[in-house]
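For the numbers below, each heavy atom of this structure counts, side chains included, while hydrogens, waters and symmetry mates do not.
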Amino acid sequence: MSRLAQTHGLTDIQQEILSTVRDFVDKEIIPVATELEHRDEYPTRIVEGLKELGLFGLMIPEEYGGLGESLLTYALCVEEIARGWMSVSGIINTHFIVAYMLKQHGTQEQREHFLPRMATGEVRGAFSMSEPALGSDVSAISTKGVKVGDAYALTGQKMWLTNGGSSTLVAVLCRTDEGHPEGTAPHRSMTTFLVEKEPGFGEVRPGLTIPGKIEKMGYKGVDTTEMILDGLRIPANRVLGGTTGRGFYQMMDGVEVGRVNVAARGCGVAQRAFELGVSYAQQRHTFGKAIAQHQAIQFKLAEMATKVEAAHAMMVNAARKKDSGERNDLEAGMAKYLASEYCKEVVEDAFRIHGGYGFSKEYEIERLYREAPMLLIGEGTAEIQKMIIGRRLLEEYRLQG
């Protein structure tokens, strides 16, 4: 067990879960991750193993067949998985966000229909907010849901769906003007629809097309896609929570816990980069001694380890805050911002320690170097996190009188 990034105060059950996940990562993910990543191959065998471990239902309540664990337990598991291969943690993250949204905001019928099958991984979740021209401005969503009899017709184009092809349930944020007069604030006229589909690419149900995988610099293996909606008919009972106009708040709640997840991923990738760097520094010799004995490299290792520790502590704090039932957007924003930035810096330092070999695809650090940038933009850019943090700080420290 690594000396870094230890979490105090865990129960015996939490420690047992983490030990099991870490063992799975060491035996089943790390040995094959780089090969699969270079082939951009979906990790089917790994996903099946995660199903057997019960990780797809980790936070789903026991009454629906899940393990009923906390956000902290989940985040620590994600940290371990990302340490092995960040793409695998992404496969679970989007599924987890949809399950969380159903648990928190779904009707009883929706929870009973979806959650037991999500707990086993039979139903796999993805969620969709972004659009080709959207960026960080969620209020500019143009995909529309129009009431047609007892159903809604969804039309528009979505972008950056993780698990877009492999998922069978997508939570889709659309604009619904029905019941919301002209001049209503944009965020009050948004609705989340639960869209069921077949896995795969092409037309996966009438009115719904998943064109294919988007080619990416990193974050390979996992399928990232567009989604085209062309008059897709969705029954009214598939409006999340049963009432229109609540989609923005539902999505933001999901993204808030997703930010804790992204922070955990950053911690995991940074841990792995440190492990690779400190190991290589003791094997590589220059000027008659291991480069780890050179002061410049020791300074670098010291900075890397400190960043790993700091990011982990902030991630754990944000998860525990959410588990306590308190508002945690400030803590989640700070954790996501710091962990993703530190991850990039730790990975680059490990890359520098490897010298020319870090540029070779034979070395694992090359993969991490391409994966880290995704965390800078996933679940909101650094600039968005700073806006959230700044606004919340002004709320907390507002001058009186």
Side-chain heavy-atom pair Arg83, Arg22 within 4.5 angstrom cut-off: yes

Ionic contact status for Glu303 with Lys300, cut-off 4.0 Å: no

Derivation of the salt bridge (Lys or Arg N to Asp or Glu O under 4.0 Å) call for Lys321 and Glu326: CA-CA 6 Å; Lys321 188 92 169 179; Glu326 298 180 69; 3.5 Å; yes

Heavy atoms of other groups near Arg45 CZ, more than 12 under 6.0 Å: no

Closest non-hydrogen atom pair, Arg111 against Leu102: CG-O, 3.3 Å

Any Lys197 side-chain heavy atom under 4.5 Å of Ser167 side chain: yes

Which atom of Ile81 lies closest to which atom of Leu50, heavy atoms considered: CD1-CD2, 4.2 Å

Gap between atom CE of Met315 and atom CZ of Arg320 - 0.5 Å precision: 10.0 Å

Under the side chain to side chain donor-acceptor pair (under 3.5 Å) test, residues paired with Arg391 that sit two or more places apart: none

Heavy-atom side-chain contact between Glu345 and Lys307 under 4.5 Å: yes

Atom CD1 of Ile214 with >12 non-hydrogen neighbours under 6.0 angstrom: yes

Residue pair Met252 / Met129, side-chain heavy-atom distance below 4.5 Å: yes

Within-4.5 Å side-chain heavy-atom neighbours: Glu371 and Tyr219: no

Heavy-atom neighbours of Lys216 NZ exceed 12 at 6.0 Å: yes

salt_bridge(Arg272, Glu275) N-O dist < 4.0 Å: yes

Thr7 side chain reached by His312 side chain, heavy atoms, under 4.5 Å: yes

Close side-chain approach of Leu301 to Ile353, heavy-atom, < 4.5 Å: yes

Heavy-atom side-chain contact between Tyr337 and Ile388 under 4.5 Å: no

Pair Glu109 + Arg238: basic N to acidic O under 4.0 Å: yes

